[in-house]
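Step one of this worksheet: look at the structure below.
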Amino acid sequence: MEILRPYVEQVLHPALVSLGIAESNWKSMIAPSRERFMGDLSLPCFAFAKQLGMAPNLIAEKLQSMIEPTEVIDEINSTSGYLNFKVSPIWLASYVASGQIRVGDATGEYPSGDRAVLIEHTSANPNGPFHVGRARNAILGDTLVRLHRLHGNDVRAEYYVDDMGKQVAVLAWALANLSAERVEEILSDREPLNELWKNKADHERVRWYQAAQVLRNDDDYKEDIEREIAAMVHASENGDDKVLASFENAYQPVLDGMLQTLGRLGIYFDEFTKESLFVTNGDVSKVMQKLTELDIHGVADNGAEYLDLGARGLKGKTEFYFRRGDGSSLYATRDIAYHIWKFTQCDNLINILGEDHKLQSKQVSLTLTEMGYKTPEVLFYSFIKLPEGKMSTRRGNVVFMDDLLEEAKAHAAEVVKEIRTDYTDQQISQIAEAVGTSAVRFNIIKVSPDKGFTFRWEEALSFDSDSAPFIMYSHTRSRSIAKKCHDLGVDLSRINDIDTSNIPDSMYELLRIIACHNDVLARSVKQNRPNLFASQLLNLANYYNGFYRDCKVIQGGKVNHSFLAISEIASQLLKSGMIGLGITPLEQM
RNA sequence: GGGCGCGUAGCACAGCUGGAUAAUGCGUCGGCCUCCUAAGCCGAAGAUCGCGGGUUCGAAUCCUGCCGCGCCCGCCA
């Protein structure tokens with residue numbers, strides 16, 4: 001509870017001075033209390049023991065006896081070497097009611113901070129529909145975008161479009177050389193295209209891609225295809241307009257289909273930057289020229305060039321190749337040019353990458369440092385497995401995000417239909433869409449990014465556990481109360497009177513959670529860990545439910561304005577926080 | 001084989017610049033709808049902090065060895 005910190009420091013300072021502790025590094029030792037019942041902030045006294053020649057628990061007790069409770073801190077206690085400070089309910093209630101707890105805006109319309117942050121996420125090759133594994137990037141990335149905005153940063157969300165190279169070339173080759181009949185013939189042993197996605201280009205065209213991959217492994221065709229594709233790749237890397245245009249015609253509809261899926265999850269981008277840009281505008285050549293001039297530069301027998309990053313602490317394979325023997329650039333080289341450009345657009349740069357990119361990212365960062373540039377922050381995430389093993393488009397062992405969203409919506413609709421018998425079909429559909437997409441997002445966000453997990457349908461569709469619907473439900477309760485109060489003639493824009501003579505425990509506990517809300521948000525953003533804020537929102541919803549139980553806003557047709565004020569503040573924080581996580585706030589459900 | 005990361009109750013997660021009885025949520029079990037939406041609330045049980053050593057007055061936290069899981073080790077992207 002950072003809002004309490006200055007008050008704690010103020011009362012602690014004279015006491016510590018009179019004990020003979022003058023330095024001020026004790027300030028950094030003040031931390032949130034371990035247990036809620038003990039307090040809000042605590043000072044561990046172990047570090048003073050040596051200097052004072054006293055046992056820590058005695059120091060804590062001594063300090064306690066020297067400090068009088070104040071209007072802000074009404075409880076000071078010491079237990080086993082810790083001095084605990086607890087915030088006064090009356091002061092806290094007034095503080096919260098006065099509107100000083102910042103309710104951020106995750107839509108990013110009114111950035112209040114001074115940091116311009118560029119977050120690059122997803123950037124998936126446009127060759128087929130999202131499966132759940134690939135979507136983890138988009139969901140983590142978009143959540144980070146939203147949380148940074150909620151925190152006040154000015155954020156730009158970027159998608160780096162891989163519009164050159166082998167993957168797109170394969171797709172373009174297949175579309176140019178294979179008929180629909182031929183594709184289906186090649187894929188005859190696979191599951192057919194789901195009827196639902198028949199006109200969605202990402203699902204349609206991925207079959208061409210898959211068929212081409214089959215042929216590329218077929219001895220009868222392999223060599224010819226490889227030669228043709230290699231020629232296309234080569235041309236694209238040299239900035240050949242015609243080939244790049246044919247690539248774009250091949251991938252753009254696929255990308256559009258993929259973005260449609262992301263749109264359903266509330267994921268949008270501010271900017272799409274094509275990889276080819278840095279080849280055609282000369283940046284890549286300049287980068288390669290500069291790299292050639294570095295001390296750690298080396299040349300292979302056939303003229304390929306690399307940097308020896310072993311000299312800069314990289315272990316394992318230390319040669320980092322940036323130019324092929326034929327003089328063309330590599331993906332990583334272009335990525336360096338892209339990073340240099342990105343740094344001209346922002347103060348902070350964040351990349352969301354799968355754990356398979358760890359080495360590559362390290363190489364890029366070391367190289368950027370070598371060239372004198374800043375390096376990006378990177379959020380790595382582990383892959384999502386299926387019970388049957390690794391997800392693989394090639395082997396058909398995938399769960400498509402489109403299918404998951406359909407299932408989630410259908411499941412949500414069943415639940416709504418069962419418990420809200422008076423809702424219309426349209427209401428049910430709207431609620432089910434919100435619940436389904438929110439639940440899918442939340443189930444991915446709540447898991448720590450560096451931990452891999454296994455996708456299970458029953459967990460992905462579970463709404464009664466640790467879930468988005470739980471949070472959504474608390475929020476609709478608060479809206480329902482507000483609506484009732486409005487109908488009773490209360491002006492909701494003018495409620496900030498708190499009856500400090502009546503602060504039940506569950507209201508106090510809710511206030512304490514509210515008081516830490518922005519602390520958690522700041523930490524979540526600073527450390528790029530969306531799951532921390534997800535947990536905070538779950539807590540907020542939980543304590544709101546406790547408040548709801550004990551503090552009746554409306555009783556016997558009369559409105560308790562004090563409770564209503566707190567309910568409304570909690571409601572706003574729930575709503576802004578939900579938008580921050582990409583959960584859809586509903587008025588009723 | 002080498003490198004990087006992960007391993008905390010049935011599940012998920014916090015704590016990891018060493019320090020309080022390892023916190024929180026879900027699930028489980030038991031209870032609660034004449035009461036603002038029971039998609040809810042209350043209570044209880046549940047942890048060899050992967051395993052073994054070491055450093056320390058004190059280790060989930062630091063060091064080390066092992067085990068398990070993931071990823072990487074292309075002049076691919």
Side-chain angles (χ1 to χ4, degrees), chain A residues 28 31-36 38 42 44-47 49 56-57 60 78-82 84 125 162 164-168 233 275 300-306 314-319 321-332 334-335 354-360 362 380 382-383 385 390 412 415-416 418-420 435 443 446-448 450-453 456 459 462-474 476-485 529 531-532 534-536 538-539 541-542 545-546 548-556 559-560 563-564 567 588-589:
Chain A
S28 65
S33 304
R34 168 79 76 82
E35 310 246 7
R36 288 178 68 79
M38 286 169 169
S42 298
C45 298
F46 302 91
N57 58 327
S78 69
T79 45
S80 43
Y82 282 83
N84 306 312
N125 284 324
D162 183 2
M164 55 195 300
K166 205 165 263 179
Q167 301 225 29
V168 196
V233 170
E275 191 179 335
D301 293 343
N302 68 346
E305 297 178 68
Y306 60 88
L314 189 69
K315 290 177 182 163
K317 198 215 159 196
T318 61
E319 294 94 358
Y321 279 90
F322 63 87
R323 198 200 300 264
R324 289 199 186 95
D326 66 6
S328 64
S329 64
L330 285 112
Y331 173 80
R334 287 167 241 141
D335 203 23
E355 59 180 336
D356 56 337
H357 280 66
K358 276 185 181 172
L359 175 60
Q360 146 95 5
K362 182 95 187 161
F380 291 108
S382 293
F383 293 127
K385 289 173 294 194
K390 202 173 153 174
V415 176
V416 182
E418 198 181 308
I419 54 189
R420 303 280 183 262
V435 168
N443 286 340
K446 74 177 184 187
V447 179
S448 178
D450 51 15
K451 283 174 187 161
F453 71 96
R456 293 191 176 83
E459 279 173 22
S462 142
F463 301 158
D464 54 0
S465 63
D466 227 356
S467 69
F470 175 84
I471 297 167
M472 297 169 78
Y473 188 67
S474 291
T476 55
R477 272 181 161 167
S478 71
R479 296 330 303 148
S480 169
I481 289 169
K483 185 172 180 298
K484 282 212 163 73
C485 289
R529 291 166 71 191
N531 59 305
L532 297 183
S535 173
Q536 165 65 14
L538 226 31
N539 266 328
N542 229 291
N545 287 341
Y548 168 88
R549 178 193 69 237
D550 295 334
C551 306
K552 301 280 185 259
V553 173
I554 303 162
Q555 205 157 28
V559 175
N560 179 321
F563 290 164
L564 176 59
S567 175
Q588 57 170 27
M589 64 185 277

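All heavy atoms count here, side chains included; hydrogens, waters and symmetry mates do not.
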Using a 4.0 Å heavy-atom cut-off across all strands, classify [X] as base, sugar-phosphate, or nothing.
X	result
A:L314	nothing
A:C45	nothing
A:V447	sugar-phosphate
A:V416	base
A:Q555	nothing

Whole-angstrom distance between [N] and [M], as gauged at atom [atom1]:
N	M	atom1	answer
B:rC35	B:rA9	C1'	36 Å
B:rG58	B:rG65	P	23 Å
B:rA22	B:rC49	C1'	7 Å
B:rG3	B:rU8	C1'	26 Å
B:rC4	B:rC42	P	46 Å
B:rA77	B:rU61	P	42 Å
B:rA47	B:rC11	C1'	14 Å
B:rC62	B:rG7	P	11 Å

OP1 or OP2 of [N] versus the side-chain N and O atoms of [X]: is any pair under 4.0 Å?
X	N	value
A:R529	B:rA14	yes
A:R420	B:rA39	yes
A:R549	B:rC35	no

Any side-chain to backbone donor/acceptor pair from [X] onto [Y]? Under 3.5 Å, distance only.
X	Y	value
A:R420	A:M589	yes
A:K358	A:F380	no
A:R334	A:S329	yes
A:S382	A:D450	yes

Would you kindly give the [atom1]-to-[atom2] distance between [X] and [N], to the nearest whole Å?
X	N	atom1	atom2	value
A:N443	B:rC26	CG	P	15 Å
A:D550	B:rC41	CG	C1'	9 Å
A:N545	B:rC35	CG	C1'	16 Å
A:D450	B:rC16	CG	C1'	13 Å
A:K451	B:rC11	NZ	P	12 Å

Worksheet item: What string of B, S and - do you get for nucleotides 20-25 of chain B, 5' to 3', when a contact is any protein heavy atom under 4.0 Å?
Response: BBSSSB
Worksheet item: For every nucleotide of nucleotides 63-77 of chain B, 5' to 3': is a protein heavy atom under 4.0 Å from its base (B), only from its sugar-phosphate (S), or from neither (-)?
Response: -------SSSSSBSB
Discussion item. Please compare A:A47 and A:M589 by the position of their nearest nucleotide in RNA chain B and report the one closer to 5'.
Written reply: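 The 5'-side residue here is A:A47.
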Discussion item. Closest-nucleotide mapping onto RNA chain B: is A:S448 or A:S28 further toward the 5' terminus? I mean the 5' end.
Written reply: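 Checking each residue's closest nucleotide, the 5'-ward one belongs to A:S448.
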Discussion item. Taking Watson-Crick (N1-N3 plus N6-O4 or O6-N4) and G-U wobble (N1-O2, O6-N3), each under 3.5 Å, can you produce the dot-bracket string of RNA chain B? Use [ ] for crossing pairs and | for inter-strand ones.
Written reply: (((((((..(((......[....))).(((((.......))))).....(((((..]....))))))))))))....
Would a 4.5 Å heavy-atom cut-off, applied to side chains only, mark [X] and [Y] as touching?
X	Y	answer
A:N84	A:E35	no
A:Q555	A:N560	no
A:K446	A:L538	no

What is the minimum heavy-atom distance between [X] and [Y], and which atoms define it?
X	Y	result
A:S467	A:S462	CB-O, 4.0 Å
A:G81	A:F46	O-CE1, 4.0 Å
A:I554	A:K484	CD1-CB, 3.5 Å
A:Q360	A:D335	NE2-OD2, 3.7 Å

Worksheet item: How about A:K166: does its NZ atom have over 12 heavy atoms from other parts shown lying under 6.0 Å from it?
Response: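 At most 12 heavy atoms, drawn from other residues, nucleotides or ligands, come within 6.0 Å of this atom.
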Item to complete: Kindly label the base of B:rC33 as syn or anti, based on whether its glycosidic torsion lies within 90° of 0.
Response: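 Syn.
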Worksheet item: Would you call the rings of A:Y331 and A:H357 parallel, tilted or perpendicular if under 30° counts as parallel and over 60° as perpendicular?
Response: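 A:Y331 vs A:H357 ring planes: perpendicular.
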